Amino acid sequence: MSLTFASWNINSIRTRAHLVKDWLDRNPDCTLLCLQEIKCEAHQFPKLFEEAGFHVAVAGQKAYNGVALISRVPLPVTTDHLPGFESDEARYIETELEEVTIGNLYLPNGNSGGDAGFAKKLNFLEALHRRSLTLQKEGRSFAFIGDYNVCPTDEDYAPKALSPDDALLRPESRAGFRRLLWSGLTDALRCLHPAGRHYTFWDYQAGAYQRNSGLRIDHALLSPRLADRLTGFTIDKDERGREKPSDHVPVVIDLT
DNA sequence: ATGGCCATACCCTATGGA
């Protein structure tokens, strides 16, 4: 049985619902799309997806953050909050698809709010690590997919795209990401492309996309048995060149 | 060498993003 699902930080679903619908129409094999930064409450989420026959689940809030799932099959939501994340911000929603648990996440950026803002980022990474251990103990296959706001290594951002002390690069952020790997998870892109620059985000400023001054911050981490099924990781870079795009592009996971 | 953007809120400039 093959399975395809995707992640996209959309930077406001109300502004870009038409881009998402177009993308889904052009990617009929994608069963589930995980969205981040929808920037609205559940009742404000565009209705056109359900009207077109999709199943939708939303963990939203006013103005900021917010995550959602758009699926071609029914969506059982296992939780709309990451256990152990000590904030009511809408940054996690989890479902099950063909016996696979899929956690859709939006990690705090960590550059705003001073020490408390950075601590919130580390708290999310710790909670995600605990979630990894819990799901493995339960014997579940799972994927944690979304906007991690972490560049795991120096190969994961364009030279000078970030200042050296940025929260996306801080040693504590990278250690939190590595701890997830040490818990047994596989970085899907690096499994298929061990080296090389593969970006998922380009800033709106300074012609970053035209100069390919990007970041790799949208990741999929797979549990051990799921990693054995990995056949594809596609970064849909062309989406960044469309009219009024998100600053992130879709990433697509293919499993046998 | 430098600066360059965008979305939201409840009224327009501040905040967060990365």
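Quantities reported herein were computed from a predicted structural model and do not represent experimental measurements. Chain naming here is simple, since letters A, B, ... match the order of the sequence lines and numbering starts at 1 in each. Side-chain atoms are counted along with the backbone in the values below, which use heavy atoms only and exclude waters and symmetry mates.
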Report yes if a side-chain nitrogen or oxygen of [X] is closer than 4.0 Å to either non-bridging phosphate oxygen (OP1 or OP2) of [N]; otherwise report no.
| X | N | value |
| --- | --- | --- |
| Ser112(A) | dA18(B) | no |
| His248(A) | dA18(B) | yes |
| Asn11(A) | dT8(B) | no |
| Arg211(A) | dG4(B) | no |
| Ser12(A) | dT8(B) | yes |
| Lys39(A) | dG16(B) | no |

Report task. Report the relative orientation of the aromatic rings in Phe144(A) and Phe142(A); use parallel for angles under 30°, tilted for 30 to 60°, perpendicular for over 60°. Result -> tilted

Query raised in the report: Is it the case that Arg91(A) places NZ or CZ above or below the six-membered ring of Phe85(A), under 6.0 angstrom from the centre and within 45 degrees of the axis?
Result: no

Rounded to whole Å, how long is the line connecting atom [atom1] of [X] with atom [atom2] of [N]?
| X | N | atom1 | atom2 | value |
| --- | --- | --- | --- | --- |
| Asp247(A) | dT8(B) | CG | P | 13 Å |
| Gln61(A) | dA7(B) | CD | C1' | 14 Å |
| Tyr106(A) | dG16(B) | OH | C1' | 8 Å |
| Asp218(A) | dG17(B) | CG | C1' | 13 Å |
| Gln210(A) | dC5(B) | CD | C1' | 12 Å |
| Asp203(A) | dA7(B) | CG | C1' | 14 Å |

Requested in this report: Return the set of residues passing salt bridge (Lys or Arg N to Asp or Glu O under 4.0 Å) with Glu126(A) (not counting sequence neighbours), or none when no residue passes.
Outcome: none

Query - Partners meeting salt bridge (Lys or Arg N to Asp or Glu O under 4.0 Å) with Arg190(A) (sequence neighbours left out) - result: Glu155(A), Asp156(A)

Once you apply a heavy-atom cut-off of 4.0 Å, does [X] come out as touching a base, just sugar-phosphate, or nothing?
| X | value |
| --- | --- |
| Ala206(A) | base |
| Asn109(A) | base |
| Asn9(A) | sugar-phosphate |
| Arg91(A) | sugar-phosphate |
| Tyr64(A) | base |
| Tyr157(A) | nothing |
| Leu168(A) | sugar-phosphate |
| Asn65(A) | nothing |

I want to verify a distance call: between [options], whose nearest atom is closest to the [X] side chain?
| X | options | answer |
| --- | --- | --- |
| Lys62(A) | dC5(B), dT8(B), dC10(B) | dC10(B) |
| Lys244(A) | dA18(B), dA7(B), dC6(B) | dA7(B) |
| Arg14(A) | dG17(B), dA18(B), dA9(B) | dA9(B) |

Query - Check: His219(A) ring centroid to Phe177(A) ring centroid under 6.0 Å - result: yes

Requested in this report: Taking Asp80(A) for its side chain and Ala59(A) for its backbone only, find out whether a donor-acceptor pair lies under 3.5 Å.
Outcome: no

Query raised in the report: Just checking, is any N or O donor in the side chain of Ser7(A) or Gln36(A) under 3.5 Å from an acceptor N or O on the other one?
Result: yes

Query raised in the report: Can you tell me if Asn109(A) and Lys121(A) form a side-chain donor-acceptor pair at under 3.5 Å?
Result: no

Query raised in the report: Which ranges of DNA chain B pair up as stems, where a stem means three or more consecutive Watson-Crick or G-U pairs with both distances under 3.5 Å?
Result: B:5-9 with B:13-17

